There are 2 protein chains.
Amino acid sequence: MSEISDIEKCEFLYLHEDAVREVREKMPDENTLYDLAEFFKIFGDSTRIRILYALFERELCVCDIAGLLNLTQTAVSHQLRILKANKLVKARRDGKTIFYSLDDKHVHDILDMGIEHLFD
Amino acid sequence: MSEISDIEKCEFLYLHEDAVREVREKMPDENTLYDLAEFFKIFGDSTRIRILYALFERELCVCDIAGLLNLTQTAVSHQLRILKANKLVKARRDGKTIFYSLDDKHVHDILDMGIEHLFD
DNA sequence: TGAATATATGAATATCTGTTCATATGTTAT
DNA sequence: ATAACATATGAACAGATATTCATATATTCA
């Protein structure tokens, strides 16, 4: 009986040590992968996706978006805050109204690639 | 006093009717956008992102991945099931071992574009 | 056949996240 | 200054989700 528990043996042994060693060296930085997941999390919500698509055509104010997508003003505001914090949209004030528009050249390409995957 | 509540007036009026009408016509199908969000949800988890990056180099078995990423076998299995269900990875059995590898040509491009956004 | 190994899976739990509600902030017009 | 309007925000709540635990399945080997 070694120190390694029989029950979870697989947890502590590399079945293919050379493969694992090679992969480990080439893996990107841990923090980068974490940030990357956080970034994609933004696209993982249909409300935000719909807002982004709405803004593809032209800038819109909060109430336009709420009416267009049948959402409350509050819900839209909350989501816009997230999108803005992640530099996907930007805001411009005109009197009482605040217009939102896209602020990232990659967004369109990323979403298109997702669509491509869906229709394979 | 009209039927429209004063408090939520913005909810029921289009501030910019023409804009909203134009955008509504060009919006993609509602179901497509929902599926798209579901697809990106998969990338919104660092464990799954790490697994995908590990598989960029070469095929690996469940225990390799668990050891490499310091995760339990069970956690890896659960995530691989999700990745497989969404056709991002495929499995190949060799005796007791099951090797997983990437199964989508878009994954690499999508992740790269995410990285690009991060490093802007 | 039975023991050992590699992986899968259902249920429970804890955490995260989106929406709602109530309210605050900021701008315009009277 | 005050009312009306557009938007923002904090707290509470409900639903989703990743991990863990216990256990099942599948394959190999003695």
Side-chain angles (χ1 to χ4, degrees), chain A residues 1-2 4-16 20 34 37-38 40-51 59-67 69-86 89-100, chain B residues 1-2 4-16 20 34 37-38 40-51 59-67 69-86 89-100:
Chain A
M1 273 300 167
S2 72
I4 294 169
S5 150
D6 283 30
I7 298 168
E8 345 180 66
K9 183 168 285 182
C10 141
E11 302 289 329
F12 301 94
L13 289 176
Y14 295 123
L15 291 191
H16 313 89
V20 170
Y34 184 81
E38 289 303 304
F40 280 114
K41 209 167 278 183
I42 299 164
F43 296 95
D45 177 80
S46 60
T47 299
R48 287 191 289 269
I49 290 268
R50 291 165 76 214
I51 292 176
E59 67 174 11
L60 294 169
C61 75
V62 178
C63 283
D64 289 341
I65 297 171
L69 303 180
N70 200 36
L71 299 165
T72 64
Q73 174 266 315
T74 308
V76 174
S77 251
H78 277 301
Q79 296 305 338
L80 283 172
R81 195 167 60 80
I82 294 173
L83 292 170
K84 193 175 158 197
N86 286 276
V89 307
K90 57 177 187 284
R92 155 178 100 75
R93 165 156 251 149
D94 179 21
K96 283 179 294 187
T97 316
I98 296 180
F99 288 98
Y100 281 88
Chain B
M1 273 301 162
S2 71
I4 294 171
S5 152
D6 284 30
I7 298 169
E8 348 179 66
K9 181 169 286 182
C10 142
E11 303 291 328
F12 301 94
L13 288 177
Y14 295 123
L15 291 192
H16 312 89
V20 170
Y34 184 81
E38 289 302 304
F40 280 115
K41 209 167 281 184
I42 300 165
F43 296 95
D45 177 81
S46 59
T47 298
R48 287 192 289 269
I49 290 270
R50 290 166 77 213
I51 292 175
E59 67 173 10
L60 293 168
C61 75
V62 177
C63 283
D64 288 342
I65 298 171
L69 304 179
N70 200 35
L71 299 165
T72 63
Q73 174 266 315
T74 308
V76 174
S77 250
H78 277 301
Q79 296 306 337
L80 283 172
R81 196 168 58 81
I82 294 174
L83 292 170
K84 193 175 156 195
N86 286 275
V89 306
K90 58 176 185 285
R92 153 180 100 75
R93 165 155 251 150
D94 178 22
K96 282 177 296 188
T97 316
I98 296 180
F99 287 98
Y100 282 88

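Keep in mind it's a predicted model, so treat the numbers as computed, not measured.
- Straight-line distance from the CG atom of A:D64 to the P atom of D:dC5: 17 Å, rounded to whole Å.
- Atom pair A:L83:CG and D:dT7:P shows a separation of 16 Å (rounding to whole Å applied).
- Interatomic distance, A:R48 CZ to B:F40 CZ, rounded to the nearest 0.5 Å: 12.5 Å.
- C:dT25: Watson-Crick or G-U partner is D:dA6, with both key distances under 3.5 Å.
- Between the C1' atom of D:dA6 and the CD1 atom of A:I65 lies a distance of 13 Å, rounded to the nearest Å.
- Per the geometry, NE2 belonging to B:H16 stands 9 Å off P belonging to D:dA6, to the nearest Å.
- Regarding B:K84, its NZ atom lies at a distance of 13 Å from the C1' atom of C:dT9, rounded to whole Å.
- Among the atoms of the strands shown, base atoms are found under 4.0 Å from some heavy atom of A:S77.
- For the residue pair B:K41 and A:G44, the shortest heavy atom distance occurs at CE-O, 2.8 Å.
- Looking only at side-chain heavy atoms (C-beta outward), A:H78 and A:T74 come within less than 4.5 Å of each other.
- Proximity of B:R50 to B:L71: side-chain heavy atoms (C-beta onward) are separated by under 4.5 Å at one or more points.
- As rounded to whole Å, 15 Å separates atom P of C:dA6 from atom CG of B:L60.
- Side-chain contact between A:L80 and A:I65 is present, with at least one heavy-atom pair separated by less than 4.5 Å.
- The phosphate of D:dA6 (OP1 or OP2) has no side-chain N or O of A:Y100 nearer than 4.0 angstrom.
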A correct 5'-to-3' footprint of nucleotides 10-19 of chain C, with B, S and - meaning base, sugar-phosphate only and no protein heavy atom under 4.0 Å, is B------SSB

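- Side chains of A:Q79 and A:I82 form a contact here, defined as non-hydrogen atoms less than 4.5 Å apart.
- Annotation: side-chain contact (heavy atoms from CB on, under 4.5 Å) contacts of B:I98 (sequence neighbours excluded): B:A91, B:R93, B:Y100.
- The shortest distance between side-chain heavy atoms of A:R81 and A:K84 does not fall below 4.5 Å.
- B:I98 places its CD1 atom 7 Å from the P atom of C:dT7, with the value rounded to the nearest Å.
- Look at CD on B:Q73: it is 7 Å from P on C:dT7, rounded to the nearest Å.
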Whether each nucleotide of nucleotides 24-30 of chain D has a protein heavy atom under 4.0 Å at its base (B), only at its sugar-phosphate (S) or at neither (-) is summarised, 5' to 3', as --SBS--

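- Counting heavy atoms from C-beta on, the side chains of A:T47 and A:L69 never come closer than 4.5 Å.
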